[in-house]
A.B. asks: 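Please see the structure below; I have some questions.
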Amino acid sequence: MNKLTYLVITLLIIACTTTPFSGNRAFLLTSVETENRQGEEAYREILKKEKEITGSREAKMVEAVGKKIAAVANQPDFNWEFRTILSDTPNAFCLPGGKVAVYTAIFKYAKNEAGLATVMGHEIGHAIARHGGQRMSQSMAANIALAGISAIGLAKMDPNKRGLVMAALGVGVTYGLILPFSRAHETEADEIGLTLMAKAGYDPREAINFWDRFSKAGGKESVEFLSTHPGSEKRRDHLKSLLPKVMPEYEVSSQLGTGANI
Ligand SMILES: [Zn+2]
C-alpha cells in the first residue's frame with residue numbers, strides 16, 4: 001500500500017459516521033459545529049428576505065408539531081427553531097442545527113398535523129442525516145470551490161461560494177441554484193421522518209396519504225418542492241415497506257392519529 005492510498009483510507013475511516021435512525025454510514029469532512037453555524041447563518045439570511053407569520057393558528061401548529069418531533073429526535077447539538085413563512089410556493093426545509101421553516105402554501109396538502117409532521121419529519125431527517133454536510137464534504141473531497149469553507153463565515157464569503165453552500169444545504173433557490181437531494185438521501189430522509197412522526201405520536205400511515213395528495217398537486221405553483229420531492233410510486237412503496245418497522249413505535253407513543261386539522 002503506498003502512502004497516498006494509506007492516507008485516503010485513513011481519511012475515509014475517520015470521516016465516516018453512522019447516521020441515527022437509519023444506521024447508514026456517511027462520509028463527512030465537515031464538523032457538526034461548522035454545519036450548524038452555517039445553518040444558522042443561512043436561516044437568518046432567508047428570514048430577512050421572507051415574510052414570517054407568527055401567532056396564527058397555523059404558525060402555532062408548526063411550532064407544536066416541531067416541538068413534538070424535536071422531543072423524540074435526540075439531537076443535543078441542535079438549537080431548534082420552527083418558523084412559518086407566508087408564500088404561494090409549497091416548500092419546507094430544515095437547516096443543520098434544527099432551523100426549520102414551513103411555507104404556508106404547503107398547508108393545503110398537509111391538511112392536518114400528521115401531514116405537517118410528514119413534511120417536517122422528512123426535512124428534519126435531511127438535517128439529522130447531515131445531508132447538507134455530506135454534500136459539502138463531497139465537494140471538498142473533489143477539491144472544488146468549497147475547499148476551506150469551514151474557516152469562513154457565510155456572510156464573508158463571495159456570493160458564488162455562498163450560493164454553493166446554500167445549495168448544498170438545500171436552500172439555494174434565492175441564488176438560482178436548486179440542487180435536489182439524491183435518491184439515496186430522499187429515501188433516508190423518508191425513513192427518518194417516518195420514524196420521528198411515529199415516535200411523536202402521529203400515525204405514520206398518514207405519510208402515504210400526504211405524498212398521494214401532494215403528487216396529485218401538479219400545477220405551476222408547486223413546481224419547486226414537487227420537482228425536488230416527487231411523490232413517485234417508488235417513494236410510496238418504500239414508505240409502505242417501512243410501516244412494519246415504525247408501527248410498533250406508534251403503538252407505544254401517544255397515538256394522536258392525524259392530530260387536529262389545519
Ligand atoms: Zn427531501
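All ligand and atom numbering here is 1-based and tracks the order in the structure. Side-chain atoms are counted along with the backbone in the values below, which use heavy atoms only and exclude waters and symmetry mates.
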A.B. asks: Has His185 got an N, O or S atom lying less than 2.8 Å from the Zn ion (ligand 1)?
C.D. replies: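 Here the distance criterion (N, O or S atom, under 2.8 Å) is not met by His185, so no.
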A.B. asks: For the Zn ion (ligand 1), which N, O or S atom of Glu186 is at the shortest distance?
C.D. replies: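 For Glu186, the N, O or S atom at the smallest distance from the Zn ion (ligand 1) is OE2.
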A.B. asks: So is Arg83 actually on top of Tyr103's ring, under 6.0 Å and inside 45° of the axis?
C.D. replies: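 Arg83 over Tyr103 ring: no.
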A.B. asks: Applying side chain to side chain donor-acceptor pair (under 3.5 Å), name anything that partners Asn209, two or more places apart in sequence or on another chain.
C.D. replies: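 Asn209 satisfies side chain to side chain donor-acceptor pair (under 3.5 Å) with Glu206 only.
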A.B. asks: State, to the nearest 10 degrees, the angle whose vertex is the Zn ion (ligand 1) and whose arms point to NE2 of His126 and NE2 of His229.
C.D. replies: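 Reported to 10°, the angle equals 140°.
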A.B. asks: Just jot down the side chain to side chain donor-acceptor pair (under 3.5 Å) partners of Asn24, sequence neighbours excluded, or say none.
C.D. replies: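 For Asn24 the side chain to side chain donor-acceptor pair (under 3.5 Å) partners, ignoring immediate neighbours, are Glu188.
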A.B. asks: Taking atom OH of Tyr202 and atom CE of Met120, what is their separation to the nearest 0.5 Å?
C.D. replies: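 If we round to the nearest 0.5 Å, Tyr202:OH and Met120:CE are 9.0 Å apart.
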A.B. asks: Which is the closest N/O/S atom of His122 when seen from the Zn ion (ligand 1)?
C.D. replies: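 For His122, the N, O or S atom at the smallest distance from the Zn ion (ligand 1) is NE2.
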